[in-house]
Amino acid sequence: MNQLRILVVFVVSIICLPAQAAEIDLQKLVNEVHAQFANENSGKNPDYIPALAAVDSKLFAVSIVTADGKSYSAGDIKHELSIQSVSKAFNLSAVMQQHGETAIVEKIGVNATGLPFSSIMAIELNEERSVNPLVNAGAIAQVSLLEAKNANKKWQMIESNLELFAGRDLSVMKDIYKSETDTNTKNQAIARLLANYGRLYDDIEESVDLYTRMCSVGVNTHDLAVMGATYANSGKNPVTGKTVVEAKYVPKLLAVMATAGLYDDSGLWLYKVGLPAKSGVGGGIVAVVPGKYGIAAFSPPVDAAGNSVRAQLAIEEIAKRLNANVFQ
Ligand code: GLU
């Protein structure tokens, strides 16, 4: 009887070993990658939004959330960053749910701009004008496309959608919102230009304001990884178990991330890392490994294209060590 018990325990532990080892490895992986790039000092905080220039440049966090909801984090994981452009990749899901996938192509566009995220030239050069939902023009256009009774209701829609992805209540970082509102004349110009071309679908000032508020929502790096893991899990948040977006839309949403997620360096990113991802000038980046992981990293200094230097290096290294390139 005792021998049988020993045999059963032996067999069960052999079966469970790979899962336990995988858990331990992912924690070790985030710790190691965090240590590896903590002293990488290139890049600079963006200063066109004054409040972002004031954020501590040394902050650095890395987080992985699996498609079945397990979390692994290292570094300044409690720090709240402003979500900035990362929000665009998730708000698009609300717009797609409301209008369907064809409307995104017809009313915004899904091509890469190959130009900086706030480019006026991109609007002038492309007949679609807004070009892609993940650059500023396209993101203001996607906010304008959302239909709600009034601005307050539209805001609730935007915020609660981001909350469903993150799996918790979120709020606007007031200092960032004010700083960006005081200085966002270029985004106002972009919205006016879109309106001129008939490519803005609601009030100009209101659309810019809601867009700015959306970019000012505070998240930590773990939240970003949960958001990514929700896409990795075909639209169902693996932590809360709630479906946020229909699975049929997820490949379209990830395709848009692949074309323009890292601004004018999106091609280079895809070439090097092979994962759909979205970055924001707040220093956050989230990458999606379909069926497996949301991988997020945050650190304020960004490169010339606006992508966090440490976050790119950390996600690239994690993707390499997990063999996560979707093209292999
Ligand atoms: N709120 C920022 C802007 O409109 C977002 C830019 C970004 O993260 O790419 O410039």
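Just follow the structure's listing: the first ligand is 1, and inside any ligand the first atom is 1. Just so we're clear, the structure is a prediction, and the values are computed from it rather than from any experiment.
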Exercise. Within 45° of the axis and under 6.0 Å from the centre of the six-membered ring of Y263, does NZ or CZ of K278 qualify?
Worked result: yes
Exercise. What's the shortest distance from atom 5 (C) of ligand 1 to any protein heavy atom, and which residue and atom give it?
Worked result: Q84 OE1, 3.3 Å
Problem set entry | Option passing ring-ring contact (aromatic ring centres under 6.0 Å, His included) with H34 (candidates Y72, F60, F298) | F60
For this session: Run the salt-bridge test on E101 and K248 with the 4.0 Å N-O cut-off and return the result as yes or no.
Result: no
Exercise. What protein heavy atom is closest to atom 1 (N) of ligand 1, reported as residue, atom name and distance in Å?
Worked result: E180 OE2, 2.4 Å
Problem set entry | Enumerated ligand 1 atoms positioned under 4.0 Å from heavy atoms of C215 | 1 (N)
Exercise. So, E159 and K154, do they make that salt bridge, N to O below 4.0 Å?
Worked result: no
For this session: Give the residue, atom name and distance (to 0.1 Å) of the protein heavy atom nearest atom 10 (O) of ligand 1.
Result: Y48 OH, 2.6 Å
For this session: Measure the distance from atom 7 (C) of ligand 1 to every protein heavy atom, then report the residue, atom name and distance (to 0.1 Å) of the closest one.
Result: S85 OG, 2.6 Å
For this session: Could you tell me which atoms of ligand 1, counted from 1 in the order shown, lie closer than 4.0 angstrom to a heavy atom of V281?
Result: 6 (C), 7 (C), 8 (O), 9 (O)
Problem set entry | Under-4.0 Å salt bridge between R168 and E80 | yes
Exercise. Quick one: do K78 and D76 make a salt bridge, cutoff under 4.0 Å?
Worked result: no
For this session: Would you mind telling me if ligand 1 is within reach of the side chain of N187, the backbone, both or neither, using heavy atoms under 4.0 Å?
Result: side chain
